[in-house]
Amino acid sequence: HIAVNQIDETLVKDALIADFTEVTVAAGDSILLGDATDSGNTKRDTVQGIIDLVPAAGLSLLSSVTISSDATVSFTGGFGGAHHHHVFIGSALVPATDATTLTMVLSTDGGSSYASSAYEWVKHRVQDNGATAVEVSASDSHLELTFSGALGNVDDENWNFWIHMWFPESTGPTHYAGDGAGIESGLKTQMDNIGGSLTTTADTDAVRFLAESGAITSGKIDHYAWTD
């Protein structure tokens, strides 16, 4: 029999720790805990349960869409919370309609609707023959990710891009910047620097990609988010 309050630190160390075999802890191992939601009663969980409480830092893939003749490609999850930076990567996009433009629109109501005004954007193009050009808009119904009418579907034409969108959960304008490259209309190898914003003062919580004319026949778009 052990008297009340007679278990001191030394006894705990000797009886509950030192007498057991030392092993490398694994995610499936059990631990004892006092359940704060049940008056501190003793419960058990696994080490994985503790790991799950800590959000993974760095860039994580949230979702991926393989395109198959889709009129729109939308992403509605993963916004807010610990994700302050979002990256979208598009690979080998081919439109159903030749000589169209790849665009993007943003939502402030979870994708129930998408803003059709208050967009600003700028694009700088460099082609394989050294030709350069600039397109800008101070007020548009969408954001443009390729030069106007430059996205084609003839022969090997396709488009690839990445876009970084930061702090979309803020109630100020939502900004983005990125690059695109590929074979565009006229079989010209081309690289574009792109940037812009939705100037309305509301949080952005959904993103949609679409061609200005027709569907997107094929390609893939991945949605990543950075956790601080």
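Nothing fancy with the numbering, it's 1 onward along the sequence.
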Identify the heavy atoms of [X] and [Y] that sit nearest to each other, and give their distance.
X    : Y    : value
A115 : L198 : CB-CD1, 4.0 Å
A138 : E120 : O-CG, 3.3 Å
V136 : V134 : CG1-CG1, 3.9 Å
K123 : S148 : NZ-N, 3.7 Å
E157 : G152 : OE1-CA, 2.7 Å
D45  : G49  : OD2-CA, 3.7 Å

Can you tell if the side chain of [X] reaches within under 4.5 Å of the side chain of [Y], non-hydrogen atoms only?
X    : Y    : value
V105 : T72  : no
T101 : T146 : yes
I183 : T189 : yes
I163 : M104 : yes
I221 : I67  : yes
D98  : N153 : yes
H142 : E212 : yes
T174 : T108 : no

When you group the ILVMFWY residues by side-chain heavy-atom contacts below 4.5 Å and let the links chain together, are [Y] and [X] in the same group?
X    : Y    : answer
I89  : L59  : yes
Y114 : V207 : yes
W226 : V87  : yes
L145 : V126 : no
M165 : V65  : yes

Between atom [atom1] of [X] and atom [atom2] of [Y], what is the distance when rounded to the nearest 0.5 Å?
X    : Y    : atom1 : atom2 : value
T200 : L106 : OG1   : CG    : 8.0 Å
L33  : K43  : CG    : NZ    : 8.0 Å
Y119 : W121 : OH    : CH2   : 13.5 Å
L143 : Y176 : CG    : OH    : 4.5 Å
S170 : D203 : OG    : CG    : 8.0 Å
S91  : W159 : OG    : CH2   : 13.0 Å

Criterion side chain to side chain contact (heavy atoms under 4.5 Å, CB included) on L102 and F161, from CA distance to verdict: CA-CA 10 Å; L102 181 63; F161 69 85; 3.8 Å; yes
Please check if the side chain of [X] supplies one atom and the backbone of [Y] the other of a donor-acceptor pair under 3.5 Å.
X    : Y    : answer
T76  : A206 : no
N160 : G182 : no
D38  : D35  : no
T199 : P173 : no
D192 : I194 : no
T100 : T97  : no
T171 : T201 : no
D29  : A27  : no

Plane angle bin for F75 and H223 - parallel if under 30°, tilted between 30 and 60°, otherwise perpendicular: perpendicular
In a table with atom names and distances, give each donor-acceptor pair under 3.5 Å that connects a side chain of residues 77-84 to protein atoms at least two apart or in another chain.
residue	atom	partner	partner atom	Å
H83	ND1	G78	O	2.9
H83	NE2	T227	OG1	3.4
H84	ND1	E169	OE2	2.5

Side-chain H-bond candidate by donor/acceptor type, S107 with D109, under 3.5 Å: yes
Under 3.5 Å side-chain donor-acceptor pair for S137 and E144: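 Absent: no donor and acceptor within the cut-off.
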Aromatic contact, H164 with F88 (centres under 6.0 Å):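 Centroid separation for H164 and F88: 6.0 Å or greater.
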